[in-house]
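Chain A is the first sequence line, chain B the second, and so forth, proteins listed ahead of strands; every chain is numbered from 1.
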There are 2 protein chains.
Amino acid sequence: MTAPGPAPKRRRVTIKDVAAAANVSPMTVSNVINGRHQFVGEATRKAVEKEIARLNYRVQESARGLRTSYRRSVGIAIVDETQTFLSDHFNAHVVAGLSNVLSRHNHTLLVQGIPPQQFSKSLVIQNFAVDGFCVIMSGPPARRAEIVDTLVRLDQPVVLIQETTAPRAPDICIVRQDDAGGGRVLADHFAARRLARYLVIKPETEWPAIEARVDGFCEAIRRLVPEASIDIVRTATEDFDSVQRSVAAYLDSHALPDAIFGANDRLAIGAMLLLQAKDIAIPGRVRIAGFNGFESRRYARPLITTVMSPAYAIGERAAEALLERFAGDSFRETDVVLPVHLDPGETT
Amino acid sequence: MTAPGPAPKRRRVTIKDVAAAANVSPMTVSNVINGRHQFVGEATRKAVEKEIARLNYRVQESARGLRTSYRRSVGIAIVDETQTFLSDHFNAHVVAGLSNVLSRHNHTLLVQGIPPQQFSKSLVIQNFAVDGFCVIMSGPPARRAEIVDTLVRLDQPVVLIQETTAPRAPDICIVRQDDAGGGRVLADHFAARRLARYLVIKPETEWPAIEARVDGFCEAIRRLVPEASIDIVRTATEDFDSVQRSVAAYLDSHALPDAIFGANDRLAIGAMLLLQAKDIAIPGRVRIAGFNGFESRRYARPLITTVMSPAYAIGERAAEALLERFAGDSFRETDVVLPVHLDPGETT
DNA sequence: CTGTTAGCGCGTTCAA
DNA sequence: TTGAACGCGCTAACAG
């Protein structure tokens with residue numbers, strides 16, 4: 001019979017326990033764990049590994065982190081108004097890319113979604129728990145500048161996703177896609193069809209990446225089709241209701257355009273569904289193209305022409321940049337631009 | 001001119017530095033940080049807080065974690081064949097719900113996607129860095145059982161998402177949605193329309209949640225429409241090509257069913273797009289319903305009837321369960337089932 | 001190749 | 001209400 005009373009508080013297995021069990025010093029166990037095989041004999045190594053497995057030993061990251069002042073971890077802060085900050089496929093792909101590369105290099109990823117106003121008070125920022133940050137910002141330029149200020153004050157490596165204006169700050173790296181180039185590719189695609197009247201749909205709130213693709217598009221159209229007209233419609237939010245209200249209002253006072261460029265697929269598809277509901281043939285009467293090319297695009301018919309975003313690769317590159325930075329003492333590149341490519345659908 | 005040589009390695013500011021600057025002991029700073037206001041005078045508290053802000057002090061989580069043996073963090077392991085483990089909206093919503101509740105309680109979330117074979121060798125599992133786990137499993141029952149074994153051996157609190165078979169293990173809690181009930185609600189919906197010939201589409205690989213909704217559906221149909229026939233088609237993967245091949249093969253040798261139930265929206269929409277391409281009117285000739293109700297469903301027309309998944313709430317509940325578990329010494333509930341509800345669309 | 005010593009930054013315990 | 005001493009588990013630096 002065991003004595004009554006509260007269950008004994010199990011102590012976790014430590015490096016010392018393993019050392020005792022294997023009849024070696026803790027240091028040797030540490031050497032085995034960290035793959036310093038040069039310092040450990042084959043036989044002792046086997047013995048230690050056996051004890052590690054038998055005792056179910058796991059490295060205590062806090063102790064290791066305290067000692068080495070390196071936590072092998074990255075935090076990703078996703079600045080987003082909405083609580084479902086990962087429903088955006090762009091964010092989801094970036095996180096997946098980051099996470100996978102980090103895992104492969106035995107680093108962990110801390111994920112936190114943060115409303116813009118609370119950025120500086122958020123946990124990942126306030127406490128010291130990671131070795132570097134990856135940040136997906138949003139909101140108007142002033143808000144984004146505040147965020148960058150907060151980040152600079154942390155004095156840790158930071159990768160900014162999809163920023164265009166390079167902040168003049170040390171230890172910051174930008175990883176983004178070639179949005180302007182994507183806009184130009186689409187302009188080429190439309191211009192080859194000799195279309196003259198264009199409508200661009202973009203969100204009210206100013207996103208640097210979206211500005212870039214719209215600017216790239218407009219400049220190229222003006223260059224390629226000098227006689228073209230380009231109207232721009234802004235939508236309050238990106239949901240279908242909002243898009244459709246804005247486009248419907250536009251159509252009330254303007255003739256049907258020849259082509260519509262939605263600054264992302266959701267905007268483009270929102271417009272397409274509206275036109276289809278009005279029995280306007282696509283691409284017969286109006287051509288439509290979007291931007292991003294994530295999976296949900298395939299749900300709408302006809303398949304929309306789009307520019308494919310390398311979001312997953314952006315996450316991978318961000319992770320690689322941070323890992324390199326940790327290994328050295330500065331980012332090797334500070335502005336990484338990934339190519340995009342046109343994926344023609346059935347709407348142009 | 002500064003002397004040449006490597007930049008001096010900046011030491012991070014510690015609790016001691018703050019204490020010195022504020023002319024108090026480190027203990028007092030610690031009391032301020034941890035909100036033990038009973039032990040600190042109003043004036044000293046202000047002074048300390050001022051120095052914390054001025055010096056940009058941040059708590060070193062590894063030191064605190066080492067001392068308290070509590071890291072204030074949860075790991076989510078998403079077992080998935082694909083590298084883009086967050087493109088599934090279900091996963092994305094669960095992660096967001098988890099993350100937000102944890103943040104609100106000053107806890108962090110480590111995210112890792114893991115291919116089924118590598119589960120036990122993954123970083124979050126191998127190393128000791130979190131206080132508990134949330135796991136979204138996948139794969140056949142045998143593989144899932146292995147994963148549960150691995151988890152049990154960790155001797156840490158675990159929340160399993162969307163499992164149906166309660167593992168007889170301590171310190172495990174299941175959080176899931178009422179899939180069987182969702183299947184029944186859809187059956188009611190169809191049965192009220194006096195439909196007799198049903199086709200169910202489900203993936204080849206056995207997912208407990210999907211089995212539950214299909215079983216719930218079939219049982220209810222058999223009860224409500226005794227003369228009904230139910231055929232089942234399995235698809236190798238969930239992408240449109242695969243779904244459409246399977247359904248097309250079925251239609252080659254069978255008459256058109258009255259109604260189709262896709263075990264999730266993607267399967268249902270894949271089938272719908274195939275029928276539409278064959279000029280079969282929906283819902284005129286065939287009624288269709290899916291399951292989940294995430295955003296991309298809105299891209300397909302007509303809007304599909306579906307059962308809404310409370311995925312975000314599942315993440316929230318998982319976080320709450322873990323936080324409660326950390327505060328006490330066992331899970332309060334070990335099988336949490338969240339309700340689902342029908343969202344009628346235009347396809348039934 | 002293996003062992004010893006010391007200390008990373010914090011919070012607990014106890015004394016003042 | 002504040003301060004001093006100690007140790008959490010690990011690894012860098014060095015000695016053997």
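- The two residues Val152(B) and Ala169(B) come nearest to each other via the heavy atoms CG2-CB, 3.7 Å.
- For DNA chain D, the neighbouring residues in residues 44-53 of chain B, judged by any heavy atom under 4.0 Å, are Thr44(B).
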Check against side chain to side chain donor-acceptor pair (under 3.5 Å), Arg325(A) and Gln156(A):
CA-CA 10 Å; Arg325(A) 168 65 187 81; Gln156(A) 291 196 272; over 6 Å; no
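- Residues satisfying the side chain to side chain donor-acceptor pair (under 3.5 Å) test with Ser138(A), not counting sequence neighbours, are none.
- For His37(A), the side-chain contact (heavy atoms from CB on, under 4.5 Å) partners are Arg45(A), not counting sequence neighbours.
- Looking at residues two or more places apart in sequence or on another chain, you find no salt bridge (Lys or Arg N to Asp or Glu O under 4.0 Å) involving Glu81(B).
- Computed from C1' positions of five pairs at each end, the angle between the two local axes of the helix from dC1(C)-dG16(D) to dA16(C)-dT1(D) equals 30°, rounded to 10 degrees.
- Under the salt bridge (Lys or Arg N to Asp or Glu O under 4.0 Å) criterion, Arg317(B) pairs with Glu320(B), Glu333(B), not counting sequence neighbours.
- A search for salt bridge (Lys or Arg N to Asp or Glu O under 4.0 Å) contacts involving Asp149(B) returns nothing, not counting sequence neighbours.
- In this structure, the side-chain contact (heavy atoms from CB on, under 4.5 Å) partners of Val130(A), at least two apart in sequence or on a different chain, are Ser73(A), Leu110(A), Phe133(A).
- The ring-ring contact (aromatic ring centres under 6.0 Å, His included) contacts involving residues 52-84 of chain B comprise Tyr70(B)-His107(B), Tyr70(B)-Phe326(B), where partners must be two or more places apart or lie in separate chains.
- With a heavy-atom cut-off of 4.0 Å to chain B, the contacted part of DNA chain C has its first and last nucleotide at dG9(C) to dT13(C).
- Residue pairs satisfying the side-chain hydrogen bond (donor to acceptor under 3.5 Å, both in side chains) criterion with at least one member in residues 109-120 of chain A, sequence neighbours excluded, are listed as follows: Gln112(A)-Ser103(B).
- With respect to the salt-bridge test (charged N to carboxylate O, under 4.0 angstrom), the residues Asp335(A) and Arg176(A) qualify.
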In B/S/- notation, 5' to 3', how is nucleotides 8-16 of chain D contacted by protein heavy atoms closer than 4.0 Å?
BBBBBB---
Set out, in order, the CA-CA distance, both residues' side-chain angles and the distance that settles salt bridge (Lys or Arg N to Asp or Glu O under 4.0 Å) for Arg71(A) and Glu61(B), then state yes or no.
CA-CA 10 Å; Arg71(A) 282 142 295 280; Glu61(B) 288 294 347; over 6 Å; no
